Structures are given as C-alpha cells and as structure tokens.
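Following: one structure in structure tokens, then a few remarks.
Residue numbers run from 1 in the order of the sequence given. All values reported here derive from a predicted model rather than from experimental measurement.
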Amino acid sequence: MDNKNVTLYGMENDMALLQFLRSKNTERFTKLDAFCYLIGKMSGQDKAHKGDSSKDISPLCHGEFTGSISELANDWHWHRATVRSFLDGLESLGVIKRELQGRDYTFILRTHTSLSIPIITYDTVLEVAYLLLQHWDEYNLSPKFLAAYFEAYDGTMNDEDDCCDPDWNREDHNAKIVLECFSHLEFSVIFNLRSDDSLVQMVASTFKGAGQWSWTKWMQALMYMDFVLMGEDFPDIDKSDEDSYKHNAFVCDFSKQDMRLLRELFYKLKKMEKDDSEQTDSNHTSSSLTSQDNE
C-alpha cells in the first residue's frame, strides 16, 4: 500500500508518532495514555486555569492548558525526568510546544502545524480511535474529536482492496465498526457484536437515506449508551414527555425515532448479555459436575 497522509484533529499523525507513543508497560500510564491525557486537557473541555484567581491571567485558548511537570508526573505515575523526556519527544516531533510561565508550563497543541509524515496502515487510525473511545470519559473527549478519527478511516476506504469486492458494502462496514465500538465502552461486556447480522442491519440503516447519522452523532449515541448500559432499563420515549431526554447533552438533538432505535439496540444488547451469562454459568456447572465425576 502506498503511504498516505491522514489529517486528524488538525495535525497529521503517522506511524512514527504512534510507535513513539506506545509502551508495553501496563502498571502505569503508557505513552499513548499520556498523549490522550494531554489531548483531553487541550480539547477545550477543561476550562479551569491553574493558579491564583486573584492574579491577572488571560484565559486559556482552545488547544492549550497550564500545568507543572510534577502534576503530570503524579497523574501519570511517572518520574519527573521521564515526563520531561516524553514532552521533549513530542515537542521535537512538532506535536506540542511549551511556554514556561513561572514554575508552570502552558502546553499548546500544534493544530496548525503541517507535518508531512506518512501513515503506514489505515487500521492504525482505527486502533487509536477505539482506544480514545475507551478513555473518552476519563479524558473528557468530545464526540466531534473522536468522530474525526472514524471519519478519517472511513474516508480512506475508497482506496481499500475491500471496495473492489462486489459483496462489500460501506453501510454494513461502518455498522460493524460501530458495533465493535460497543466492546470498548466501560459498561459493555458484549463482544463480537459485528457478527450478528440483525444488529449490523439495524445500525447500517442509520448510514442510509437523507437522515443518515454522522460519525459525530454516533459518538454522541455511544457516550449516552455507555451511561445507560450501567442500568437495566432504557427510557420509554413513547410513554414519556417528548422533551424528557432533551436535557441530556449527548442526545438533546436526537429525534424520537433515533431514541427508539437506541432503545431497541439497548435491549438487544441486554438480552445478549443475559444469554452469555447464562451460557457461562451453564458451562461452569457442567465443568464442576465433570470434575466431581472424575474425582
């Protein structure tokens, strides 16, 4: 495959950058976790400015935040020297820049920097998208920010070999990606959803017609579902006030039809979760009985 440039969140990410960020250490923040933390802080979701409010400090711009090396070291469970080395690496790659203000730094995302570095595999973009989705709440990532990664991947599919397959269907392909997203939500314990054809067709329908869903809308839906999956019930839109869900920031612009689809999807997932649990209990019981017989 020829090298391609893919622009994500205003900068071009490449395999060299992603390899630099990765780490096999799972006992503390990985480099990719630390990078996601920085992106979350710079995403404009966190408006708080560190420091004495009595001082005359200009408000932070979108794409930056102020903090200290010690604070990052504490949050990431790293040594301060390791934090400095990591930030030096990001700065040398042109991803961020730092401006010293007293004892603290203002960290700025280089969103307007053009980096001509090739991305090697499109699957890498999708891999990062899933990881960011998994940590969306922890790092306060916005639906639009996450959607940019899925849109970038979706936009490359015209160049993929699968598109030459007469059986390949973009709507079904996108639906399988959405269903895979559910396995990366904190409160979802269902995996391999993309193999369920009824679910694929249900989600694929949202990518068709005049009212088709954008990736941003699906990120909103996934964030909402991440919360409701903690419980056992989904609000019955037809039995409640039409505006009862409008207070929720994730689905405030969803129609009743949209919410009905999410409700149907919710109960299908819950049924699959229950069936999986019962199957696991049955297997465990059978295993125990077999073990007793052998004794």
Side-chain angles (χ1 to χ4, degrees), residues 8-115 117 124 127-146 148-149 184-187 223 226-227 249:
L8 304 174
Y9 198 54
M11 65 180 179
E12 289 180 355
N13 292 259
D14 74 313
M15 182 61 75
L17 170 61
L18 296 173
Q19 290 293 351
F20 167 78
L21 296 171
R22 288 173 179 169
S23 171
K24 294 183 179 180
N25 190 338
T26 59
E27 296 180 357
R28 57 178 184 167
F29 265 40
T30 64
K31 289 181 178 180
L32 190 51
D33 287 333
F35 181 64
C36 292
Y37 175 103
L38 292 175
I39 292 295
K41 287 284 189 179
M42 297 173 183
S43 68
Q45 303 298 313
D46 188 349
K47 301 296 184 181
H49 191 295
K50 182 182 178 299
D52 188 348
S53 59
S54 64
K55 296 180 181 178
D56 182 16
I57 302 177
S58 300
L60 291 176
C61 300
H62 176 80
E64 63 184 71
F65 79 100
T66 295
S68 69
I69 299 297
S70 295
E71 288 172 341
L72 296 181
N74 182 65
D75 289 347
W76 299 352
H77 304 289
W78 291 8
H79 294 296
R80 288 191 296 274
T82 306
V83 173
R84 292 192 187 94
S85 176
F86 175 71
L87 295 173
D88 288 343
L90 289 179
E91 197 160 21
S92 68
L93 286 168
V95 177
I96 67 168
K97 66 177 181 178
R98 290 171 288 175
E99 294 180 355
L100 186 62
Q101 296 184 352
R103 295 183 177 181
D104 297 335
Y105 285 96
T106 293
F107 300 93
I108 304 170
L109 183 64
R110 301 289 294 274
T111 56
H112 300 296
T113 300
S114 178
L115 305 178
I117 312 176
T124 302
E127 180 183 345
V128 173
Y130 288 142
L131 187 143
L132 291 173
L133 177 62
Q134 184 175 344
H135 295 284
W136 75 266
D137 191 29
E138 182 180 357
Y139 301 135
N140 206 12
L141 303 179
S142 69
K144 185 176 181 181
F145 172 75
L146 290 172
Y149 284 79
H184 296 274
L185 298 181
E186 183 176 359
F187 296 104
M223 290 175 176
D226 204 10
F227 284 115

Check: Arg98 main-chain N/O paired with Glu91 side-chain donor or acceptor under 3.5 Å: yes
Derivation and outcome, side-chain contact (heavy atoms from CB on, under 4.5 Å), residues Phe86 and Leu72: CA-CA 11 Å; Phe86 175 71; Leu72 296 181; over 6 Å; no
Lys97 NZ to Ile108 CD1 distance, which is reported to the nearest 0.5 Å: 4.5 Å
Minimum heavy-atom separation for [X] to [Y], with atom names?
{"X": "Tyr149", "Y": "Phe145", "result": "CD1-O, 3.6 Å"}
{"X": "Asp104", "Y": "Ser68", "result": "OD1-CB, 3.3 Å"}
{"X": "Gly67", "Y": "Phe107", "result": "O-CE1, 3.6 Å"}
{"X": "Arg28", "Y": "His77", "result": "CD-O, 3.3 Å"}
{"X": "Leu133", "Y": "Leu146", "result": "N-CD2, 3.8 Å"}

Plane angle bin for Phe29 and Trp76 - parallel if under 30°, tilted between 30 and 60°, otherwise perpendicular: parallel
From CA spacing to verdict: side-chain contact (heavy atoms from CB on, under 4.5 Å), Leu141, Leu132: CA-CA 8 Å; Leu141 303 179; Leu132 291 173; 4.1 Å; yes
Contacts of Arg80 that satisfy side-chain contact (heavy atoms from CB on, under 4.5 Å) - sequence neighbours left out: Ile69, Ser70, Ala73, Arg84
Set of residues satisfying side chain to side chain donor-acceptor pair (under 3.5 Å) with respect to Trp78, sequence neighbours excluded: none
